[in-house]
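Accompanying notes for the structure given below.
Worth saying up front: this structure is predicted, and the values here are computed from it rather than measured. Naming convention: chains lettered A, B, ... in sequence-line order (proteins, then strands); numbering from 1 in each chain.
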Protein chains: 2
Amino acid sequence: MSTARTAPESGPTQSALPLAGLRVLELGHYIAGPFATRLLADMGAEVVKVEPPEGDPIRGWGSKAQGHPVWFSIHGRNKLSVTLDLKNPRDKARLVKLAARADALVENFRPGYLERIGLGPEVLQAENPRLVIARVSGYGQDGPYRDKPAFGAIGEAMGGLRHLTANPGQTELPPPRCGISISDDLAGMYAAMAVVSACWGRDRAGQEGRGRIIDINLVDSVMSLMEGMLPEYGLTGKIRQPAGAAIPTAAPTNTYPCADGKWLCVAGNSDLIFRRLMGAIGRPELAADPRMADNAGRCANAAELDAAIAAWTRTLPAKDAQDALEAVDVPCSRLYDIRDIAEDPHFRARDSVMTVQDPLIGPVLHPAAPFRFDGVAPRDMVRWTGPAAGAHNARVFGEWLGEEAEA
Amino acid sequence: MSTARTAPESGPTQSALPLAGLRVLELGHYIAGPFATRLLADMGAEVVKVEPPEGDPIRGWGSKAQGHPVWFSIHGRNKLSVTLDLKNPRDKARLVKLAARADALVENFRPGYLERIGLGPEVLQAENPRLVIARVSGYGQDGPYRDKPAFGAIGEAMGGLRHLTANPGQTELPPPRCGISISDDLAGMYAAMAVVSACWGRDRAGQEGRGRIIDINLVDSVMSLMEGMLPEYGLTGKIRQPAGAAIPTAAPTNTYPCADGKWLCVAGNSDLIFRRLMGAIGRPELAADPRMADNAGRCANAAELDAAIAAWTRTLPAKDAQDALEAVDVPCSRLYDIRDIAEDPHFRARDSVMTVQDPLIGPVLHPAAPFRFDGVAPRDMVRWTGPAAGAHNARVFGEWLGEEAEA
């Protein structure tokens, strides 16, 4: 278990991280902006999260323990929290001063909001021309939809993801969400990489390096993952349709029901794997069937193969079916729920899932940072857990702004 | 339309990009590694994609035009392509020399492969201790599942995403895939940000800066998006279940069937928006119903509200229903397919979708880079389209290695 650290200290652990020494201000709320800065913080950046006096509204989301939101233990980890009232002139001046001492600022207000309260990029860069400013919004900082309200679900819908996340021909039930805030996550990830890239280019340019203003949005972030569909549509008119859990050009590869109500995802479509799979389910005659000799034939008869595999998976709990197929080297995985993740021996062996001591709520499970650097243990990348709102006011206003602690 | 450029030149456009001057080698194939380097290339890095003589096998995927794969127009854009046979000693020596001149290398072979062919990190860093090496794999470079075959679908399954992408209680149809290679994409995005971060930290350290070795994998990348589910499970035992297209804690917000067989995603759950929504669908009495006065009451009666909204959406094509709701400021979006994306006036106004001249296949639609930097037009970030395999052998072997062109 990691040691508890309420007041983070710079030390050997921190300086071993690649972004040690990078100072980032977060004017973020909910998911996209704060996720960007959490990734930077995991890599060692000194992130100051600026919250309104009542705290980021995401602190009100989801389960609580000891009165504290459990998600925020992760979502706010490795960050310093300060509270500012951006309608108060004194606090506004503090924000400008903080920005003057930062490498980068990440914000995800609606387009135009910062300008309206007198904290637009030109104000911030007047004090600090080297400040990199990343702006995360629903639709971007310009264009006809700029002022539409941004919702994660709508980012998924307009970006093309929800259309594809569906069972073909199924009209009674709507295509499901991913169940997570995927469009916010993607935008946050793009913001993190663009911020660091802008800092690399700026610092490479030396003293004359200026801070970039970066525009990231939810719908473009989702749409960026549409593979070759745009050129394909433009050249041939083809509109990619959803394929459920199958892949139309490979068979058998699908997701199959098990005896315990769980599902097993199986990728059995190469010639050799297909033979082993048919043996494992007790249908060797299908492996020998000339209709099934190659992928094209198997695709043409995918329904028959899927029915045969499902008839077998229905007789076993998902874990047992997975073990049986893995024993003969057929790639597969049951659909993990969060308990499967928490208990998985691989995730545990690598500390991808680890127990961390949170001073506010006690021992909690955290995911490791999704990137590892040689010589840095995953546990050392969780330097501290999400702090209470304003926990670092005295420290940051003192160290960054030179203010005396108030009596 | 962007001008055609087969042989990229350094120039003002390139140097305006934040990663101009960063040299990156890609030993990648399929999606995750190549996506990481494409993002770096979009930001101006000089990326050399090293392919086997027969080309990256992803060139065989999907639609072709003039004999060339259309996805690769995007997937390989802004990269230089060289072909090397890594089993040939001369080409192996060339790779080591290229790595000696690079800032970073991204690879996505199976763990251990590079070591087996004598090109492990210790060999590459012996020539260039500053080389950042990002390794992308299915399960990571160590741990009990290290050697399992990696498939994108299995990354989604084990990372927890597929379990959540489902309609609740629905057991006849399997939870669908996202329809894109989401786990590869996420891993590629994490690899891109970790590479730039390692370069920033290395260059900040000056001459003594060493190259990091980075470990990224598909299952951790997906699992990193599981929000607060891990601490919640650890503290309360709660296992997050799929909720279909709805959000259990907000109503009405769901996805509704339209007259043309398309779907409309509607976020109508705030008090004010709810009233406008009920007016628009001709059910003002529901807005006045005391049972529906707050979100808690609406959640308790979500089925009734969803039925009322669906009864209205079924009477209209999705586009008309969207227009009607947007006219009264109710956030919504039909589920865009790729034609909707290609034709959308916002995407077009911002050049998020643009026609690019591909010298191999003619004019094609490309998505813009998902990040924008002030002073750089989206069109200027598509410097050239995906080249043929080996198109830049002479240039790269000449400029990077000082080889004379072969007769």
Side-chain angles (χ1 to χ4, degrees), chain A residues 18 43 62-63 65 70-71 143-145 149 151 154 157-158 162-165 167 173-174 176 178-179 185 189-190 193-194 196-198 200-201 212-213 215 220 224-225 228-235 239 244-245 255 265 267 331 333 335 337-338 346 349-350 364-365 370-374, chain B residues 18 43 62-63 65 70-71 143-145 149 151 154 157-158 162-165 167 173-174 176 178-179 185 189-190 193-194 196-198 200-201 212-213 215 220 224-225 228-235 239 244-245 255 265 267 331 333 335 337-338 346 349-350 364-365 370-374:
Chain A
M43 288 192 282
S63 296
V70 301
W71 183 6
Y145 301 169
F151 283 76
I154 289 174
M158 185 173 157
R162 286 286 297 282
H163 167 69
L164 295 171
T165 310
N167 284 296
L173 288 167
C178 280
D185 296 332
M189 292 166 74
Y190 281 132
M193 83 179 76
V196 183
S197 298
W200 185 86
R212 306 273 183 158
I213 302 170
D215 178 359
D220 279 338
S224 75
L225 305 186
M229 293 172 227
L230 268 178
E232 184 178 67
Y233 168 72
L235 289 163
I239 297 171
T255 299
C265 174
S333 174
L335 304 192
D337 62 27
I338 200 66
H346 182 75
R350 281 172 48 86
V364 286
L365 292 177
F371 20 60
R372 298 177 183 217
F373 300 90
D374 60 317
Chain B
M43 288 191 283
S63 296
V70 302
W71 183 5
Y145 301 169
F151 284 76
I154 289 173
M158 186 174 158
R162 285 286 298 282
H163 168 71
L164 294 171
T165 310
N167 284 295
L173 287 168
C178 281
D185 296 333
M189 292 166 73
Y190 281 131
M193 83 179 75
V196 183
S197 297
W200 184 87
R212 306 273 184 159
I213 301 169
D215 178 359
D220 279 338
S224 74
L225 305 186
M229 293 171 228
L230 268 178
E232 184 177 68
Y233 168 71
L235 289 163
I239 297 171
T255 298
C265 174
S333 174
L335 305 193
D337 61 26
I338 201 67
H346 183 76
R350 281 173 47 85
V364 286
L365 292 177
F371 19 61
R372 296 176 185 220
F373 300 90
D374 60 317

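- Listed options A:Y145, A:F373, A:F371 were ranked by heavy-atom pairs under 4.5 angstrom with chain B; first place goes to A:Y145.
- In this structure, the portions of A:Y190 lying under 4.5 Å from any heavy atom of chain B include both its backbone and its side chain.
- Top candidate by heavy-atom pairs under 4.5 Å with chain A, chosen from B:A65, B:G228, B:S197, is B:S197.
- At a 4.5 Å heavy-atom cutoff, the contact between A:A245 and chain B is made by backbone and side-chain atoms alike.
- Only the side chain of A:L235 comes within contact range of chain B, with heavy atoms under 4.5 Å apart.
- With B:D374 contributing its side chain and A:I213 its backbone, the two residues share a donor-acceptor pair below 3.5 Å.
- Nearest heavy atom pair, residue B:G234 against residue A:L365, reads CA-CD1, 3.9 Å.
- Chain A forms more heavy-atom pairs under 4.5 Å with one residue of B:V364, B:L164, B:T255, B:D215 than with any other, namely B:D215.
- When heavy atoms are compared at a cutoff of 4.5 Å, A:R350 approaches chain B solely by way of its side chain, counted from C-beta outward.
- Residues A:P174 and B:N167 come closest through the heavy atom pair O-ND2, 3.4 Å.
- Between the CG atom of A:D220 and the NE2 atom of B:H346 there is a distance of 6.5 Å, given to the nearest 0.5 Å.
- A:M189 CE to B:D185 CG: the interatomic distance, rounded to the nearest 0.5 Å, is 9.0 Å.
- In terms of heavy-atom pairs under 4.5 angstrom with chain B, the leader among A:S63, A:A267, A:C178, A:G143 is A:C178.
- With a 4.5 Å cut-off on non-hydrogen atoms, B:F151 touches chain A through its side chain but not through its backbone.
- Taking B:P144, B:P149, B:G62 one by one and counting their heavy-atom pairs under 4.5 Å with chain A, the maximum is reached by B:P144.
- Comparing A:S224, A:S333, A:A198 by how many heavy-atom pairs each has under 4.5 Å with chain B, the most go to A:S333.
- Proximity to chain A involves both the backbone and the side chain of B:D337, based on heavy atoms less than 4.5 angstrom apart.
- Your options are B:E232, B:M158, B:M193, B:H163, and the one with the most heavy-atom pairs under 4.5 Å with chain A is B:M158.
- The candidate from B:G244, B:G179, B:G201, B:C265 with the greatest count of non-hydrogen atom pairs under 4.5 Å with chain A is B:G244.
- For a residue to count as touching a neighbouring chain, one of its non-hydrogen atoms must lie under 4.5 Å from one of that chain's; by this rule B:A349 touches chain A with the side chain only.
- Per-residue counts of heavy-atom pairs under 4.5 Å with chain A were compared for B:I154, B:V70, B:I338; the largest is that of B:I338.
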